[in-house]
Asks: 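Handing you a structure now.
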Amino acid sequence: MTQVITANHPSLRKRKQKNVLPGFNLSLGYTILYLSLIVLIPLSAAFIKTTELSFAEFWETVTTPRVVASYQLTFGASLIGASINAVFGLLTAWVLVRYSFPGKKIIDALVDLPFALPTAVAGIALTAIFAGNGWLGSWLEPLGIKVAFTPLGVVVALTFIGLPFVVRTVQPVLEDLEAEAEEAAASLGANRWQTFSRVILPALYPALLTGFALAFARAVGEYGSVIFIAGNMPMVSEITPLIIITKLEQYDYAGATAVAVVMLVISFALLLAINGLQWWSSRRNGSAR
Amino acid sequence: MNKTFKSFVFSLFVTLGLPAFAETSILNVSYDVSREFYKDLNPAFVKYWKDKTGETITIKQSHGGSSKQARSVIDGLQADVITMNQSLDIDILHERGKLIPKDWQKRLASNSAPTASTTVFLVRKGNPKNIRDWNDLVRPGVGIILPNPKTSGNGRYSYLAAWGSVIKKGGSDADAKDYIHKFFKNVPILDAGGRGATTSFVQRGIGDVLLTFENEVSLITNELGGDRFEVVYPGISVLAENPISLVDKVADKRNSRKVSQAYLDFHYSDEAQAIAVKHSLRPRAEGASDKYKDKFKPLTLFTIDEVFGSWANAQKVHFADGGVFDQIYVK
């Protein structure tokens, strides 16, 4: 999000017509080449592999009840996980930016840990804690709350791996947001809720949405941590990436890529929608800045 | 300067020199839990080959989930030999890429399987749920742990053992289907692999009985506290063959057929069979099963071919998409 801010910065806005640095063609060419090599070519391979199936076969593969149940779990749990992170990630970023307290640096570093930890380790650790004989599981299970080996466990794992995205995207924007703006709002008669919802939140929306989208995208593709805690029961706690792996285990390459293609299309549509929302909200709030 | 140059030349030789001496090493691509077995078998073969021919040979190992390993070979991993725990994962080398002939399994004795195992039960100390045989597994309130048959060879054998136990007692396919539905009602979770299921049963304390290979059970009782568990041998179970094969195309290309073949034959030697027994794998070479009779509990074992026709058929009917296993969960 920092790029957006610098691009809108008054000192740069004047020279928008003429770039200081030359080389637009060269850099654009490189961008396209780079994106093609890293993103487009591998992804198009998935689409090409799918053409081994006739459309009827493709449709049957991607709409069997087991696969459909897995889409619901994967996208549903990812949306819930990303939403939880949007709320608590914002809170965490707020605390880290606006207050100073002993141990702040350590907490700041803790946020990045889900990035660094191998996902399998995260999955095993979460399972050990939330299983019926684990630290938390042994407290929760008598209350009738089963986390490990249920869809709830999937949400927990996806929330865990998505946390850094929201915090790290919101944090720099919040740092740039001067406390004076809030003081001005207060002196103009806004109450606390109004200050939050009319002054702070609109400025944070684009960053928050980006963080949400990143956390969501990461969660959709997550495999390593989830398979340990999910229990992997067909129709109940089986995620789509596991369906893909299962198909590969049976040498069903075309079936695996068919499901992958559906996942890609849904993910792309959702990310596009989030981007659209972001564009809309930043335009609507453009005057507020 | 001179030193830098020397080390540069040295590293160049190391890098370029490797392929030139490639025929003195062979690669054995294997499944996940054969690590310990080959750690003992390979040095024995190296010594045997040195004594016999004077050549020093290196055997490289690659381990991983069996289907993943087979896929790597199809995709070009230069494996001279492949050693798996079910013939399906070697058949695929013929079907895709024609790396081996169709009748590869007829090339060596005992269906090309020098060792075998079987599916047995592991229960908690004192056997609190009194689990003695296959019938006891489907009683209400019994939790069965096994890996997902769709992703794990171990799970596939357990599933087929359960199905075959009904057929072998004179039951019909409908009886077996009824049994397997009740069976999976008692399965609370499905781990992706054998070791994952072991962890769920042993560390997380889930379920009352773990279905897994006999050699895996002895590993659990040896390494994870034998006093917490008991082994239960069902009246009948499946013969889980561990087939091995030369990967002809690779061996011919790398000119390693002679030593690779000798390596495979060595699996049937007295020495190798003794190593297998040490790792609780049932020896299958001629005479070896009699020799080690008292080491293994005598069990009635049926083969996959006997009950299901062939592995390919079992796979198609039971584990393919929409097959019998899928029907358990999708009504």
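Chain naming here is simple, since letters A, B, ... match the order of the sequence lines and numbering starts at 1 in each.
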Asks: Among B/R96, B/Q203, B/Q315, which has the most heavy-atom pairs under 4.5 Å with chain A?
Replies: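 So the answer, after comparing B/R96, B/Q203, B/Q315, is B/R96.
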Asks: Tell me the closest heavy-atom pair linking B/D326 and A/R66, and the distance in Å.
Replies: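 Answer, listing the atom of B/D326 first, then A/R66: OD1-NH1, 2.6 Å.
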Asks: How far apart are the closest heavy atoms of B/K150 and A/T246, and which atoms are they?
Replies: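 The answer is CB-CG2, 3.5 Å.
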Asks: As an exercise: rank B/G65, B/A192, B/P188 by heavy-atom pairs under 4.5 Å with chain A and give me the winner.
Replies: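 Looking at each of B/G65, B/A192, B/P188 in turn, B/P188 comes out on top.
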Asks: If you draw a 6.0 Å radius around CG in A/L143, do more than 12 non-hydrogen atoms from other residues or ligands fall strictly inside?
Replies: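 Counting neighbours around CG of A/L143, more than 12 heavy atoms of other residues, nucleotides or ligands fall under 6.0 Å, so yes.
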Asks: Check step by step if side chain to side chain contact (heavy atoms under 4.5 Å, CB included) holds for B/Y329 and A/V236.
Replies: CA-CA 9 Å; B/Y329 291 99; A/V236 180; over 6 Å; no
Asks: Is it true that the side chains of B/D91 and A/Y251 contain a donor and an acceptor less than 3.5 Å apart?
Replies: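 Absent: no donor and acceptor within the cut-off.
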Asks: With a 4.5 Å heavy-atom cut-off, do B/L190 and A/P234 have their side chains touching?
Replies: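 In contact.
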Asks: Any donor-acceptor pair under 3.5 Å linking the side chain of A/N232 with the backbone of B/D191?
Replies: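 No, A/N232 side chain to B/D191 backbone: no donor-acceptor pair under 3.5 Å.
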Asks: In terms of heavy-atom proximity below 4.5 Å to chain B, should A/A230 be classed as side chain, backbone, both, or neither?
Replies: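 Nothing of A/A230, per the 4.5 Å heavy-atom cut-off to chain B.
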Asks: Would you say CZ of A/F115 has more than 12 non-hydrogen atoms from neighbouring residues, nucleotides or ligands within 6.0 angstrom?
Replies: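 Yes, CZ of A/F115 has more than 12 neighbouring heavy atoms, counting only those of other groups under 6.0 Å.
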Asks: NZ of A/K146: more than 12 outside heavy atoms within 6.0 angstrom?
Replies: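 At most 12 heavy atoms, drawn from other residues, nucleotides or ligands, come within 6.0 Å of this atom.
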Asks: Once you round to the nearest 0.5 Å, how far does CD of A/E249 lie from OG of B/S66?
Replies: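 Rounded to the nearest 0.5 Å, the CD-OG separation comes to 7.0 Å.
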Asks: State, to 0.1 Å, how close B/A320 and A/Q250 come at their nearest heavy-atom pair, and which atoms those are.
Replies: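 Minimum heavy-atom contact is CA-OE1, 3.7 Å.
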Asks: So B/D321 and A/E60, do their side chains get closer than 4.5 Å, heavy atoms only?
Replies: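 No, too far: nothing below the 4.5 Å cut-off.
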Asks: Using every non-hydrogen atom in the two residues, find where A/E238 and B/N148 come nearest and quote the distance to one decimal.
Replies: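 Of all heavy-atom pairs spanning A/E238 and B/N148, the closest is OE2-ND2, 4.3 Å.
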Asks: Other residues, nucleotides and ligands only: do more than 12 of their heavy atoms fall within 6.0 Å of NZ on B/K316?
Replies: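 For B/K316, atom NZ is not crowded (no more than 12 foreign heavy atoms under 6.0 Å).
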Asks: Taking the side chain from B/R71 and the backbone from A/L248, do they hold a donor-acceptor pair closer than 3.5 Å?
Replies: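 Judged by distance alone, yes, a pair lies under 3.5 Å.
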Asks: Could you have a look at A/T127, A/L242, A/T64, A/I245 and say which one has the most heavy-atom pairs with chain B under 4.5 angstrom?
Replies: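 Between A/T127, A/L242, A/T64, A/I245, the count favours A/T127.
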